[in-house]
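One structure is given here, and the rest of the page talks about it.
Along the sequence shown, residues are numbered consecutively beginning with 1.
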Amino acid sequence: MRRRRAVKRQIQADPKYNSKLVTKLVNMVMITGKKALAERIVYSTLEMLEQKTGKGALEVFKKAVDNVRPLLEVKPRRVGGATYQVPIEIKQDRGTIIALRWIRNFARTRKGKAMEDKLFQELFDAYKGEGAAIKKREDTHKMAESNKAFAHYRW
């Protein structure tokens, strides 16, 4: 059993957009500590979003993340030798992290092109309400809905 809850660290807002959400995306995209490269990828992606939509980059980015953010997830619970997939509600900050992780992973698995282009395409699809990350959210919600009978095992 744990002694106490982990202390939640405060992250600094990024210098260009003054947004903690952008910083979280930069940290997610970063590989092996190359933060300058990750920042360059994210900033160029956001500029491409701004050019394509004609709206503020931050506004489009937040809308895309909101569209992908799941409200429910399933967690396995062992009850009397059987494992049930129990649907639970997700807190907003965890939902945001999951959404950013899905966007990043699906952008990485896209074929060809530079990471800027792949991340832009994934964010643009999420903004429009389509794409792989949106499908993942729908699948997660469907799984939670189909296992609603086991919701009483929540604790």
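- Taking every heavy atom of both residues into account, M115 and I41 meet most closely at CG-CG2, 3.9 Å.
- Test K148, M143, K142 against E145 for side chain to side chain contact (heavy atoms under 4.5 Å, CB included) and you get one pass: K148.
- For the atom pair L100 CG and L21 CG, the distance stands at 5.5 Å (nearest 0.5 Å).
- Taking L72 as the reference, E89, H141, A144 meet the side-chain contact (heavy atoms from CB on, under 4.5 Å) condition, with sequence neighbours excluded.
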Problem - Intermediate values then yes/no, side chain to side chain contact (heavy atoms under 4.5 Å, CB included), E73 and R94 - result: CA-CA 11 Å; E73 69 178 342; R94 175 160 166 75; 3.0 Å; yes
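- Put simply, CD1 on I134 and CH2 on W102 are 9.5 Å apart, with the number rounded to the nearest 0.5 Å.
- A donor-acceptor distance shorter than 3.5 angstrom exists from the side chain of N67 to the backbone of Y127, with no hydrogens or angles considered.
- Looking at every heavy atom in both residues, P70 comes nearest to I98 through CG-CG2, 3.9 Å.
- M30 and F61 end up in different hydrophobic clusters when Ile, Leu, Val, Met, Phe, Trp and Tyr side chains are linked at under 4.5 Å.
- Summarising the geometry, atom OH belonging to Y84 is positioned 11.0 Å from atom CG belonging to N147; distances are rounded to the nearest 0.5 Å.
- Side-chain contact check for F124 versus V60: every heavy-atom pair is 4.5 Å or farther apart.
- Applying the salt bridge (charged side-chain N to carboxylate O under 4.0 Å, His left out) test to every pair with at least one member in residues 25-53, sequence neighbours left out, gives these pairs: K16-E47.
- If you take OG1 on T23 and CD on Q12, they are separated by 8.0 Å, rounding to the nearest 0.5 Å.
- Hydrophobic clustering, with ILVMFWY side chains joined whenever heavy atoms are under 4.5 angstrom apart, keeps I97 apart from V74.
- A donor-acceptor pair under 3.5 Å is formed between the side chain of D14 and the backbone N or O of S19.
- Counting all heavy atoms, side chain and backbone alike, F150 lies closest to P87 at C-CD, 4.4 Å.
- Although no hydrogens or angles enter the test, the distance criterion places no donor-acceptor pair under 3.5 Å between the side chain of R77 and the main chain of V86.
- The existence of a salt bridge linking R69 and D66 is confirmed by a sub-4.0 Å separation between a basic side-chain nitrogen and an acidic carboxylate oxygen.
- Shown here are the side-chain contact (heavy atoms from CB on, under 4.5 Å) partners of Q10, two or more places apart in sequence or in another chain: K20.
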Handout entry: Derivation and outcome, side chain to side chain contact (heavy atoms under 4.5 Å, CB included), residues D117 and M48
Key = CA-CA 9 Å; D117 299 330; M48 289 160 70; 3.3 Å; yes
Problem - side chain to side chain contact (heavy atoms under 4.5 Å, CB included) evaluation trace for D93 with K8 - result: CA-CA 11 Å; D93 55 340; K8 190 145 173 61; 3.6 Å; yes
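- In this structure, Y17 OH and K62 NZ are separated by 12.5 Å, a value rounded to the nearest 0.5 Å.
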Exercise for the section: Start with the C-alpha distance between R104 and R101, add both sets of side-chain angles, then the distance that settles side chain to side chain contact (heavy atoms under 4.5 Å, CB included), and finish with yes or no. Expected result: CA-CA 5 Å; R104 185 225 23 218; R101 189 180 306 145; 3.4 Å; yes
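- For the atom pair L46 CG and E116 CD, the distance stands at 11.5 Å (nearest 0.5 Å).
- Side-chain N or O atoms of R108 include one that pairs as donor or acceptor with a backbone N or O of V29 at under 3.5 Å.
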